[in-house]
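Atoms within each ligand, like the ligands themselves, are counted from 1 in listed order.
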Amino acid sequence: MKNLERDVVVIGAGPSGLTAAYELSKAGKTVAVLEARDRVGGRTWTEQMDGATIEIGGQWISPDQTGLYSLIEELGIETFERYKQGKSVYRTEAGEAIVYEGDDFPVAESTVAEMNKLIELMNQLAAEMNPDKPWEHPRAAELDTISFHHFLRNNSDDETACNNIGLFIAGGMLTKPAHAFSALQAVLMASSAGSFDNLVDEDFILDRRMKTSMQGVSIEVAKRLPEETLFLNNPVLKLEWSDEGVVAHGADVTVKAKKVVLAVPPNLYSRISYFPPLPRWQQVTHQHQSMGLVIKVHAVYETPFWREEGLSGTCFGPNHLVQEIYDNTFDGEETGTLVGFISDVEADKVWSLESDEERKEVVLKAMAEFLGEKTLDPKVFYLSDFGSEEWTRGAYATSYDLGGLHRFGPTQNDNVGPIYFSSSDLAGEGFQHVDGAVRMGRRSAARILAELDG
Ligand code: FAD
């Protein structure tokens with residue numbers, strides 16, 4: 001067992017913990033980062049599969065994500081644009097695949113009008129919200145005590161419009177069914193991205209990717225930490241704390257420090273035993289933050305065959321097994337990669353199938369219903385399974401259950417003595433994104449520096 005003494009110990013080497021460690025060490029503080037896994041990056045993770053680069057976790061960056069942009073500029077990381085040329089495919093509820101151009105789904109004019117009405121309503125609510133303090137929205141309590149599903153139906157009787165709008169936030173972002181989270185949580189998602197318009201515009205929200213891959217951002221930050229700072233394979237399961245400081249117990253490293261940055265997802269706070277226990281309020285709060293569930297499907301082909309057919313690879317199918325597909329070919333690769341998303345209850349169905357072969361067959365068939373027969377025969381097929389990852393337990397991120405955001409949110413970022421919580425899932429701008437993780441890492445570091453030096 002190695003016993004270390006540092007100014008600050010950081011638990012978790014995802015983008016938030018690493019950013020905090022980087023800022024603190026640049027400011028001259030001694031830091032140790034204890035990470036449970038054998039790699040950095042957390043929910044960002046890249047593997048090579050048969051020559052193709054597969055981003056198993058987070059990957060896209062949008063223009064509003066200036067926290068992450070400023071970090072990659074400092075690190076010298078460049079970005080590339082997602083392939084966006086060509087027509088898209090929309091699959092109707094009846095199962096018909098329609099090729100279309102432009103921003104509007106090819107649905108009845110009256111449904112387009114209803115969708116635009118709902119988008120405008122969400123834009124207005126998002127504009128009234130400070131994403132750092134969603135609980136201060138003038139209608140916070142009202143919006144937090146109605147599910148997004150019912151909120152949409154209270155504002156429109158067009159079921160297709162409600163399903164299509166629901167897709168962007170429920171299946172597409174929070175990865176929970178729209179009846180499982182509040183309208184306030186949905187408005188926060190929009191407000192954190194600047195507006196609902198930004199969120200529904202796939203060319204904005206899924207704009208660019210890192211040339212290093214998104215995990216590469218964490219790898220580059222880790223390289224810049226002083227020696228003897230990062231300790232992999234060191235899950236912290238015990239944390240002693242008092243006003244004087246903390247002792248964090250990893251597998252083979254123990255760190256005594258003045259402060260701790262707890263940079264793990266909120267659903268994992270209870271994985272650690274605290275001595276003394278955390279106060280009542282935090283113990284209760286942490287039970288109301290839960291992970292969504294989504295499967296990211298990767299299928300790699302000899303060529304991006306859809307491009308030859310004038311298609312961008314972008315497909316939408318609310319209420320279908322695979323509800324979104326995009327061209328996910330990595331920069332410079334000649335093979336073609338598609339990524340599809342299977343969210344919440346649809347993901348449950350896929351995991352309940354008996355075998356990997358059955359899953360592959362069912363999922364590829366669902367993708368072929370958008371893009372045709374050629375989709376059935378990839379050279380690589382991979383399902384991201386963050387639900388089975390002990391140190392994540394779901395995807396993409398955590399959010400509150402109904403009513404939790406205005407009840408528990410106001411204190412979610414308060415420190416408990418020397419313990420500072422830092423996660424993308426507690427961010428305002430960049431909420432549930434790498435950008436939010438970076439912002440929270442910087443904020444935690446700044447607050448600790450003010451305490452230590454102030
Ligand atoms: P994490 O990345 O979860 O890092 C937390 C770290 O803590 C992990 O390394 C974990 O191993 C470690 N840990 C946990 N418990 C312990 C413990 N007890 N002791 C020590 N270490 C511990 N974001 C985007 O911006 N764009 C996207 O396109 C995007 N797509 C996504 C797709 C998927 C499939 C997933 C899962 C996420 C996606 N995200 C995306 C979200 C993004 O990846 C997260 O918001 C971001 O990684 C959160 O960073 P973090 O540092 O807060 O937490």
Would [X] count as a contact of ligand 1 if the rule is a heavy atom under 4.0 Å away?
{"X": "Arg37", "value": "yes"}
{"X": "Leu34", "value": "yes"}
{"X": "Leu237", "value": "no"}
{"X": "Ala263", "value": "yes"}

Between [X] and ligand 1, does any nitrogen or oxygen pair lie at a separation below 3.5 Å?
{"X": "Asn234", "answer": "no"}
{"X": "Asp425", "answer": "no"}
{"X": "Val236", "answer": "yes"}

Just by distance, with hydrogens left out, do [X] and [Y] show a side-chain donor and acceptor under 3.5 Å apart?
{"X": "Arg447", "Y": "Ser422", "answer": "no"}
{"X": "His249", "Y": "Glu240", "answer": "yes"}
{"X": "Arg82", "Y": "Asn328", "answer": "no"}

side-chain hydrogen bond (donor to acceptor under 3.5 Å, both in side chains) contacts in which one or both residues fall within residues 33-43, not counting sequence neighbours: Arg37-Glu389, Arg37-Thr392, Arg43-Asp425
Protein heavy atom at shortest distance from atom 30 (N) of ligand 1: Gly58 CA, 3.1 Å
Can you tell me the protein heavy atom closest to atom 44 (C) of ligand 1 and the distance? Ser424 OG, 3.8 Å
Where does Val294 meet ligand 1, judged by heavy-atom distances below 4.0 Å: at the side chain, the backbone, both, or neither? neither
Can you list every salt bridge (charged side-chain N to carboxylate O under 4.0 Å, His left out) pair that touches residues 221-239, not counting sequence neighbours? Lys2-Glu228, Glu220-Lys223, Glu220-Arg224
